Amino acid sequence: MLIELKDLRHEIGGRRVLDLPAFAADRGEHTLLIGPSGSGKTTLINAITGLITPTHGQVIIDGQTMNTAAPAARDALRRRLIGVVFQTLRLIPALTVRQNLALAQTLAHGRTEPGLISELIERVGLTHRADALPRAMSHGEGQRAAIARALCTRPALLVADEPTSALDDANAQVICDLLVESASANGATLLIATHDTRLRDRFERVLALQPPGAAA
């Protein structure tokens, strides 16, 4: 299994914000994590990617326990195995699209692959914007650039947090298609966390989260 979660709980200020007894995903599996605000979707994503340490339980990524690893080891594991599309796109504003991808590759692998960078930029429809800075791009273009950046390290796990929540129906389907097709083309495990019920029919595997303490 690429992802194994065991008895995962997290509390903030004494309030439980995540309660997940078990979850696992193998390489190449695609899962939609869906639930209302307050159900712990972003907390779960942050625990899986090692950005937070859950209060209780285990997060095992590719056989390594993420939540007990030292910060430097977490960073290395995330850079090597995980591509993340955050709610806020987190593109480096002083770098062009192409340079953002090159930096991600350098941090992950110590080298760049210009051919892969160009291929991904073309795949997300940004060839004409490859040398643009993030501030000169539309939100939709920025989303596509962030997806290309997440894919450019050839991650085993692609994670997207609320990638369609601010989009109309047509653009939501475009972004969902892009994530699914890109993950499939790279053999990556895909996790999309969202409250956007429009995506539910696109996934055979759905994990429905509820706020801790809510009735099922």
Side-chain angles (χ1 to χ4, degrees), residues 1-4 25-30 45-53 59-137 139-161 163 175 177-193:
M1 286 292 167
L2 183 67
I3 305 171
E4 293 181 83
D26 210 345
R27 290 181 182 273
E29 281 193 290
H30 297 175
I45 290 297
N46 287 340
I48 289 171
T49 57
L51 295 173
I52 65 169
T53 301
V59 178
I60 303 169
I61 305 296
D62 198 32
Q64 301 179 60
T65 305
M66 174 75 87
N67 56 299
T68 58
R74 288 192 200 193
D75 290 344
L77 183 62
R78 182 169 54 251
R79 288 170 180 166
R80 181 170 59 86
L81 290 178
I82 305 173
V84 187
V85 182
F86 296 98
Q87 288 191 51
T88 53
L89 301 180
R90 303 194 188 185
L91 296 167
I92 296 176
L95 300 181
T96 67
V97 173
R98 191 183 305 277
Q99 290 168 339
N100 266 279
L101 270 62
L103 178 61
Q105 288 184 339
T106 299
L107 291 173
H109 304 303
R111 65 184 187 279
T112 62
E113 294 183 71
L116 177 61
I117 289 172
S118 295
E119 176 188 334
L120 287 170
I121 289 173
E122 180 179 3
R123 187 184 298 170
V124 300
L126 290 177
T127 300
H128 65 301
R129 305 294 274 156
D131 298 312
L133 295 173
R135 66 174 175 270
M137 302 167 66
H139 181 70
E141 288 172 336
Q143 280 188 312
R144 286 181 278 157
I147 292 170
R149 182 188 57 185
L151 288 165
C152 74
T153 59
R154 304 183 190 273
L157 171 61
L158 177 61
V159 176
D161 189 10
I175 292 299
D177 288 343
L178 181 58
L179 287 165
V180 171
E181 291 167 7
S182 297
S184 296
N186 287 275
T189 300
L190 174 64
L191 294 179
I192 295 181

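Just so it is clear, the structure is predicted and the values come from calculations on it, not from any experiment. We count residues from 1, following the sequence as given.
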Item checked: Sub-4.5 Å side-chain heavy-atom contact between R74 and T53 -> yes
Next item on the list: State, yes or no, whether a side-chain contact exists between M137 and L126 at a heavy-atom distance under 4.5 Å.
Entry: yes
Check: Quick one: does T96's side chain have a donor or acceptor within less than 3.5 Å of a partner on A132's backbone?
Finding: no
Item checked: Straight-line distance of T106 OG1 to L101 CG, nearest 0.5 Å -> 10.5 Å
Note to self: For residues 145-161, which residue pairs pass the salt bridge (charged side-chain N to carboxylate O under 4.0 Å, His left out) check, not counting sequence neighbours?
What the structure shows: E113-R154
Note to self: Does E122 have more than 12 heavy atoms from other residues, nucleotides or ligands lying within 6.0 Å of its CD?
What the structure shows: no
Next item on the list: State, yes or no, whether a side-chain contact exists between R79 and T153 at a heavy-atom distance under 4.5 Å.
Entry: no
Check: Tell me, do I3 and I61 make a side-chain contact under 4.5 Å, heavy atoms counted?
Finding: yes
Next item on the list: Apply side-chain hydrogen bond (donor to acceptor under 3.5 Å, both in side chains) to T112 and R98, showing your working.
Entry: CA-CA 11 Å; T112 62; R98 191 183 305 277; over 6 Å; no
Notebook entry, point to check: When L157 is tested against each of L191, L81, T49 for side chain to side chain contact (heavy atoms under 4.5 Å, CB included), which residue passes?
Noted result: L191
Margin query: So which atom in I175 and which in R144 form the shortest heavy-atom distance, rounded to 0.1 Å?
Written below: CD1-CG, 4.2 Å
Notebook entry, point to check: How about M66 and I48: do any of their side-chain heavy atoms sit closer than 4.5 Å?
Noted result: no
Item checked: Residue pair L89 / P134, side-chain heavy-atom distance below 4.5 Å -> no
Next item on the list: Measure the CG-NE2 distance between L179 and H30 for me, rounded to the nearest 0.5 Å.
Entry: 10.0 Å
